[in-house]
A.B. asks: 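For reference, the structure I am asking about is given below.
Order of listing sets the numbers, starting from 1, for every ligand and every atom in it.
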Amino acid sequence: METLIFKGIDNIEEAGRIIADGGLVAFPTETVYGLGASAYDSGAAKKIYAAKGRPSDNPLIVHIDEPSRIYELADEITPDAQKIINAFMPGAVTVIVKKNAKISGDVTAGLDTVAVRCPSNEIARALIKASGVPIAAPSANISGKPSPTTARHVMDDMTGKIDAIIDGGACEVGVESTIVDTTGEVCTVLRPGGVTLEMLREVVPDIRYDKNITRAIGENEKPKCPGMKYKHYSPNADVYVIEGGEKEVQAEINRRISENKGKNIGVLFMYGAVYDGAVMLGAGGGGKEYAHNLFAALREFDRLNIDVVFAEFREADGWAQAVKNRLYKAAAYKVIHV
Ligand code: AMP
Ligand code: MG
C-alpha cells in the first residue's frame with residue numbers, strides 16, 4: 001500500500017475522509033504519534049492491531065476533539081472523573097470510564113470500560129473534527145518498539161502498512177498520556193505520564209498509583225491495564241539503567257565500558273559527558289527533558305547500531321515516575337543502583 005505523507009494541517013480534510021472511510025492515519029499529539037482509525041468501525045480498529053502487530057487483548061485509547069464529547073461514549077462519569085476532565089482536558093491525561101454500546105468491543109478488547117483522551121495538539125483535534133468520529137488510536141509504532149515522537153519514527157515503522165502519516169513535527173511531551181482508572185472506589189493511575197500524580201492530587205486528593213507501575217508483570221498475571229504486561233519500548237540494544245548520584249553513576253558506567261570493549265556502547269546521560277569509548281546522547285538534566293528525549297534517543301542508538309546502552313538516571317522531580325516506567329521497561333528491568 002502507498003502511504004501518503006501530509007505536511008501539518010494542509011490536507012486535514014482528506015485525512016479526515018480517510019478515517020471516516022475506514023482507513024488508518026498516523027497523526028501527531030502532544031504526547032507521542034498516534035495510529036488512528038474510526039472508533040465506530042470495528043473493521044478499521046482490527047487493521048490497527050494488524051499494522052502494529054499488537055496483541056488483540058490490549059485495548060485502544062479513544063480520542064475526542066472536545067472534552068464534553070466523552071458523554072457520547074461513556075455510560076457513567078463519576079464526580080472524580082469529572083474533576084479530572086475539568087482540570088486536565090484537553091491534555092496529556094486519559095480517563096478509563098464505563099463504556100456505552102456505541103464503542104465496538106474491538107476497540108476496548110472486550111472490556112466494559114473505555115479509555116478516553118482529548119489531546120491538546122491542534123492537528124490531532126482538527127483531524128478528529130474533520131473525520132466526524134472519535135478516533136481510536138494507540139501509539140504509532142510497531143508493537144514492542146519505542147513510541148514514535150517524530151513523523152520520521154512513524155515512517156520507519158509504518159510506511160507501506162497504513163494510508164497516511166501527518167507530519168506535525170516533534171511531540172512536545174514525548175511520553176504517553178497518564179492513564180487514570182476512575183471506575184473503582186478510588187481513582188488509580190495505571191500509567192504515569194504527562195500529567196503528574198502531584199497535579200492530579202490537587203483535584204482528587206486520594207488518587208494513588210496502581211502497584212504495578214514500576215515492576216515487571218508475571219506471565220499469568222492480569223493487570224488492570226492490559227498494556228502493562230507486554231514487552232515495551234525495546235530498542236535492539238541491550239539497555240542498563242544505572243541509578244544513583246553523579247560520581248557513583250559515572251564510576252559504574254566507566255567500569256562497565258572497560259568491561260565491554262569490542263562492543264558498540266552508548267550512554268544516555270543526565271549528569272554530563274565524561275565517557276571515552278561510547279556514543280553519548282543527552283537525556284537532559286530534569287525529568288521533563290528526559291521524557292521528551294527518551295524514545296528518540298533509544299531509536300537513535302538503534303540507528304547507530306549500538307549494542308549496549310547505559311542510561312544514567314536519578315529521580316529529579318515529579319516527572320521521574322513517567323520516565324522510570326518507560327526506562328525500566330526499555331531495560332527489561334535491568335536496573336543497577338549505585
Ligand atoms: P498506547 O496508546 O499504545 O500506549 O496504548 C493504550 C494503553 O491504554 C494500553 O496500555 C492499554 O492497555 C490501555 N488501555 C486502553 N483502554 C483501557 C481500558 N479500558 N482499561 C485499562 N487500560 C486501558
Ligand atoms: Mg503504545
A.B. asks: Decide whether the shortest distance between a heavy atom of Lys99 and an atom of ligand 1 is less than 4.0 Å.
C.D. replies: no
A.B. asks: I need the nearest protein heavy-atom contact for atom 17 (C) of ligand 1: residue, atom name and distance, please.
C.D. replies: Pro59 CG, 3.4 Å
A.B. asks: Identify whether the distance between the nearest side-chain nitrogen and carboxylate oxygen of Glu13 and Arg17 falls below 4.0 Å.
C.D. replies: no
A.B. asks: Test your reading of the model: is there a side-chain donor-acceptor pair from Arg191 to the backbone of Ala322, 3.5 Å cut-off?
C.D. replies: no
A.B. asks: Evaluate the side-chain hydrogen bond (donor to acceptor under 3.5 Å, both in side chains) criterion for residues Tyr328 and Glu243: first the C-alpha distance (whole Å), next the side-chain angles of each, then the deciding distance (0.1 Å), finally the verdict.
C.D. replies: CA-CA 11 Å; Tyr328 279 23; Glu243 194 168 329; 2.6 Å; yes
A.B. asks: Of the protein's non-hydrogen atoms, which lies at the shortest distance from atom 10 (O) of ligand 1, and what is that distance?
C.D. replies: Gly227 CA, 3.3 Å
A.B. asks: Among all protein non-hydrogen atoms, which one is nearest to atom 18 (C) of ligand 1, and what is the separation to 0.1 Å?
C.D. replies: Ile96 CD1, 3.4 Å
A.B. asks: Could you go through the salt bridge (Lys or Arg N to Asp or Glu O under 4.0 Å) check for Arg303 and Asp156 one step at a time?
C.D. replies: CA-CA 11 Å; Arg303 210 182 59 80; Asp156 289 344; over 6 Å; no
A.B. asks: With hydrophobic residues grouped by side-chain heavy-atom distances under 4.5 Å, do Val279 and Leu268 end up in a single group?
C.D. replies: yes
A.B. asks: Thinking salt bridges, do Lys7 and Asp10 make one under a 4.0 Å N-O criterion?
C.D. replies: no
A.B. asks: Which protein heavy atom lies closest to atom 4 (O) of ligand 1, and at what distance to 0.1 Å?
C.D. replies: Arg191 NH1, 2.5 Å
A.B. asks: Starting from atom 13 (C) of ligand 1, locate the nearest protein heavy atom and write down its residue, its atom name and how far away it is, to 0.1 Å.
C.D. replies: Cys225 SG, 3.6 Å
A.B. asks: How does Leu60 reach ligand 1, by side chain, by backbone, by both or by neither, if only non-hydrogen atoms under 4.0 Å count?
C.D. replies: backbone
A.B. asks: Starting from atom 5 (O) of ligand 1, locate the nearest protein heavy atom and write down its residue, its atom name and how far away it is, to 0.1 Å.
C.D. replies: Arg54 NH2, 3.0 Å
A.B. asks: Do any N/O/S atoms of Ser143 come under 2.8 Å of the Mg ion (ligand 2)?
C.D. replies: no
A.B. asks: Would you check whether Ile61 reaches within less than 4.0 Å of ligand 1, judged by its heavy atoms?
C.D. replies: yes
A.B. asks: Regarding Asp181 and Thr183, do their side chains bring together a donor and an acceptor under 3.5 Å, going by distance alone?
C.D. replies: yes
A.B. asks: Any nitrogen or oxygen of Lys52, side chain or backbone, less than 3.5 Å from one on ligand 1?
C.D. replies: no
A.B. asks: Nearest to atom 11 (C) of ligand 1, what protein heavy atom do you find, and at what distance?
C.D. replies: Asn58 OD1, 3.1 Å
A.B. asks: Test of understanding: given a 4.0 Å heavy-atom threshold, classify the contact between Thr113 and ligand 1 as side chain, backbone, both, or neither.
C.D. replies: both
A.B. asks: Take the angle between the ring planes of Tyr240 and Phe310 and call it parallel below 30°, perpendicular above 60°, tilted in between.
C.D. replies: tilted
A.B. asks: Kindly determine whether Glu176 and Arg326 satisfy salt bridge (Lys or Arg N to Asp or Glu O under 4.0 Å), including the steps that lead there.
C.D. replies: CA-CA 10 Å; Glu176 303 85 344; Arg326 277 82 182 174; 2.9 Å; yes
A.B. asks: I need the atoms of ligand 1 closer than 4.0 Å to a non-hydrogen atom of Leu111, numbered in the order shown.
C.D. replies: 18 (C), 19 (N), 20 (N)
A.B. asks: Compare all side-chain heavy atoms of Lys145 with those of Asn236 and state whether any distance is below 4.5 angstrom.
C.D. replies: yes
A.B. asks: Any idea which protein heavy atom is nearest atom 8 (O) of ligand 1, and the distance to it?
C.D. replies: Ile179 CD1, 3.2 Å
